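Beneath this line is the structure, given in structure tokens, with notes to follow.
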Amino acid sequence: MSRILNCIVAVCPDMGIGKNGNLPWHPIRLSNEFKHFQKMTMTPLVEGKKNVVLMGRKTWFSIPAANRPLKNRINIVLSRELKTTPEGAHYLASDFSSALHLLDSSELEKQVDQVWIIGGSALYKEVMESSGPRRLFVTRVLKQFDCDTFIPDINMDKYKLLPEFPGVPTGLQEENGVQYVFEVYESTDH
């Protein structure tokens, strides 16, 4: 089945997404940006189904223990190192293609609506460079923070920026002195 893969990520101007296992702007809180992330990843389009959040091991462990698993979503952790599903996670897959096979298993296929990739950088890169229908939900933070983790630039030969998308606020947003805009890109190679 050719399901749309949604990546959701907040980036600095240099495409930085993290610093020391945290968001680059930590300890500044972007509460509305986080609410946007929650709403997008938590809200299924099909009643009675749930969305999946796919993440790498480091992303999973960067979520405060009290907030794991991300509620009202099926949490799948990707890891080549872990042999057992981390406490709180719903499933463990050894890599991205295994996770996709898991989604098509009879157990999950009937439960799953949307698939959201929430990090980290290697997983974003793999999805951004894969084929098939993909969407990138990007929060462009308009201030540079120090970063040690990055994602690739968005290849505009493979993606187009949509003028708007249902449920995604338009225009300049600002919180705690940090400005950002929400962008949605859709793959052109499906």
Side-chain angles (χ1 to χ4, degrees), residues 1-26 28 30 32-43 45 51-60 62-63 70 73 76 78 93 95-97 99-100 103 113-175 178-190:
M1 174 184 162
S2 182
R3 67 173 79 237
I4 294 176
L5 299 174
N6 299 293
C7 288
I8 188 162
V9 64
V11 298
C12 286
D14 67 356
M15 300 305 278
I17 62 167
K19 173 75 175 169
N20 299 328
N22 232 315
L23 294 170
W25 38 90
H26 180 79
I28 298 170
L30 301 179
N32 291 334
E33 199 281 329
F34 182 66
K35 285 181 187 132
H36 169 72
F37 167 86
Q38 286 189 300
K39 183 185 83 167
M40 297 307 292
T41 61
M42 208 184 283
T43 312
L45 301 174
N51 289 346
V52 162
V53 283
L54 271 180
M55 69 200 91
R57 172 184 56 83
K58 289 181 191 164
T59 300
W60 170 259
S62 76
I63 299 167
L70 295 178
R73 289 156 282 191
I76 301 177
L78 306 186
D95 56 33
F96 181 57
S97 63
L100 294 180
L103 294 175
D113 184 19
Q114 298 181 81
V115 177
W116 290 91
I117 287 88
I118 64 167
S121 58
L123 185 54
Y124 285 133
K125 182 178 192 294
E126 187 171 355
V127 175
M128 288 167 74
E129 294 173 358
S130 67
S131 58
R134 301 170 316 285
R135 283 196 193 112
L136 310 176
F137 289 79
V138 178
T139 302
R140 289 225 184 244
V141 175
L142 304 178
K143 182 176 178 181
Q144 186 58 55
F145 291 89
D146 191 21
C147 300
D148 60 15
T149 309
F150 302 86
I151 62 167
D153 283 325
I154 297 168
N155 181 345
M156 294 312 287
D157 294 336
K158 288 188 169 190
Y159 291 93
K160 65 176 186 241
L161 177 60
L162 303 180
E164 57 186 30
F165 193 87
V168 176
T170 56
L172 189 63
Q173 315 287 318
E174 184 169 341
E175 288 185 85
V178 178
Q179 294 183 325
Y180 56 89
V181 290
F182 295 114
E183 297 177 340
V184 182
Y185 295 83
E186 195 162 59
S187 57
T188 54
D189 61 351
H190 47 270

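For the single chain, residues carry numbers from 1 onward in sequence order. Please read all numbers here as calculations on a predicted model, not as lab measurements.
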For residues 157-169, which side-chain donor-acceptor pairs fall under 3.5 Å, sequence neighbours excluded?
| unit_1 | atom_1 | unit_2 | atom_2 | d |
| --- | --- | --- | --- | --- |
| Tyr159 | OH | Met128 | O | 2.9 |
| Tyr159 | OH | Arg134 | NE | 2.8 |
| Tyr159 | OH | Arg134 | NH2 | 3.3 |

Any heavy-atom pair between the side chains of [Y] and [X] that's under 4.5 Å?
{"X": "Leu23", "Y": "Phe34", "result": "no"}
{"X": "Ile76", "Y": "Leu103", "result": "yes"}
{"X": "Met55", "Y": "Ile63", "result": "yes"}
{"X": "Leu5", "Y": "Leu100", "result": "yes"}
{"X": "Leu70", "Y": "Ile118", "result": "yes"}
{"X": "Met15", "Y": "Arg140", "result": "yes"}
{"X": "Leu78", "Y": "Leu54", "result": "yes"}

Checklist line | Parallel, tilted or perpendicular: ring planes of Trp25 versus Phe145, cut at 30 and 60 degrees | finding: perpendicular
Next item on the list: Classify the angle between the aromatic ring planes of Tyr180 and Phe182 as parallel (below 30°), tilted (30 to 60°) or perpendicular (above 60°).
Entry: perpendicular
If you round to the nearest 0.5 Å, how far is [atom2] of [Y] from [atom1] of [X]?
{"X": "Ile151", "Y": "Leu123", "atom1": "CD1", "atom2": "CG", "result": "11.0 Å"}
{"X": "Asn6", "Y": "Gln114", "atom1": "CG", "atom2": "CD", "result": "5.5 Å"}
{"X": "Cys7", "Y": "Leu136", "atom1": "SG", "atom2": "CG", "result": "5.5 Å"}
{"X": "Ser62", "Y": "Asn22", "atom1": "OG", "atom2": "CG", "result": "7.5 Å"}
{"X": "Ile4", "Y": "Glu186", "atom1": "CD1", "atom2": "CD", "result": "6.5 Å"}
{"X": "Arg73", "Y": "Asp113", "atom1": "CZ", "atom2": "CG", "result": "14.0 Å"}

Under 3.5 Å, side chain of [X] to main-chain N/O of [Y], donor-acceptor pair present?
{"X": "Trp116", "Y": "Met40", "result": "yes"}
{"X": "Glu175", "Y": "Glu33", "result": "yes"}
{"X": "Asn51", "Y": "Val115", "result": "no"}
{"X": "Gln173", "Y": "Gly171", "result": "yes"}
{"X": "Thr59", "Y": "Gly120", "result": "yes"}

Next item on the list: Search all heavy atoms of Asp146 against all heavy atoms of Pro24 and return the closest pair with its distance.
Entry: O-CB, 4.0 Å
Next item on the list: Taking all heavy atoms of Cys147 and all of Gly16, pick out the closest pair and write down the distance.
Entry: SG-CA, 3.6 Å
Check: Got more than 12 heavy atoms from elsewhere within 6.0 Å of NZ, Lys58?
Finding: no
Notebook entry, point to check: With Tyr124, which residues qualify under ring pair (Phe, Tyr, Trp, His ring centres under 6.0 Å), at least two apart?
Noted result: none
Next item on the list: Using the side chain to side chain contact (heavy atoms under 4.5 Å, CB included) rule, pick out the option among Ile8, Leu30, Val9 that qualifies with Phe37.
Entry: Ile8
